[in-house]
Amino acid sequence: MLTTSSRSLPPCAMRPEVYQDEQLLSPPARHESSAEQWRDFQAKRDAAHRRCAGCEVLPECLYQAVVEVDVSGFVACTSERERQRMRRVLGLDGPLRDSAQDAPRSGGPVDHDVVMAARRAHPDDTSRQLAERLGCSLSTIKRHLRRARENTSPVPARPAAPPTIAQVLDVFDELEKIV
Ligand code: SF4
């Protein structure tokens, strides 16, 4: 039976291991996965999705993860890639704050050139291994690699007025149509 305090916790706090699974933090590519590996990944993703879908704070959590804080992994029914697609539609291509849990573990912010030099020096490293090498967050590494892929240097300015929760939810509802 749940206690009063445990009932007030969101599902990700009740079952953190579901959300901290390596496959949800760094989703595999479909074409590089066997059928069994892909089924396993989808089952984990679906389990997290069901929990978020029943969460009382889903709208606020989604808004924060899309508009305000760069969070790693599966959050608020979305993967990092899906939130990136949502930001593009919402015109939020500029930098976000790193999440508090995901803040650099040592030193200050990691320079873009430092990340790219490490990528060149260690081409077989996963993003997580690069983050370990540089003592920064996984999301920081991913953001710099994404920026290099999209050749968006310098990072464009963000719109003056942030979107409303309703606008973010509208884009979320259309996510399947956004490529
Ligand atoms: S919607 Fe957000 S707060 Fe709720 S379970 Fe999902 S990740 Fe946690």
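Just so it is clear, the structure is predicted and the values come from calculations on it, not from any experiment. The chain is numbered in sequence order, starting from 1. As the structure lists them, so they are numbered: ligands from 1, and atoms in each ligand from 1.
Between the CZ atom of Arg85 and the OG atom of Ser79 there is a distance of 7.0 Å, given to the nearest 0.5 Å.
In terms of the side chain to side chain donor-acceptor pair (under 3.5 Å) criterion, Glu36 has no residue partners (sequence neighbours excluded). Take Glu22 and apply the salt bridge (Lys or Arg N to Asp or Glu O under 4.0 Å) test, not counting sequence neighbours, and it matches Arg128.
The pair Arg15-Glu17 meets the salt-bridge criterion, since a charged nitrogen lies less than 4.0 angstrom from a carboxylate oxygen. Look at Lys44 and Asp40 and you find a salt bridge, because one of the NZ, NE, NH1 or NH2 atoms lies within 4.0 Å of a carboxylate O, short of that distance.
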Can you give the donor-acceptor pairs under 3.5 Å from side chains of residues 171-179 to other protein atoms, not counting sequence neighbours?
| from | atom 1 | to | atom 2 | distance (Å) |
| --- | --- | --- | --- | --- |
| Glu174 | OE1 | Lys177 | NZ | 2.9 |

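Note on atom 4 (Fe) of ligand 1: protein N/O/S atoms under 2.8 Å are Cys55 SG.
Residue contacts with ligand 1 include Tyr19, since one of its heavy atoms falls under 4.0 Å from the ligand.
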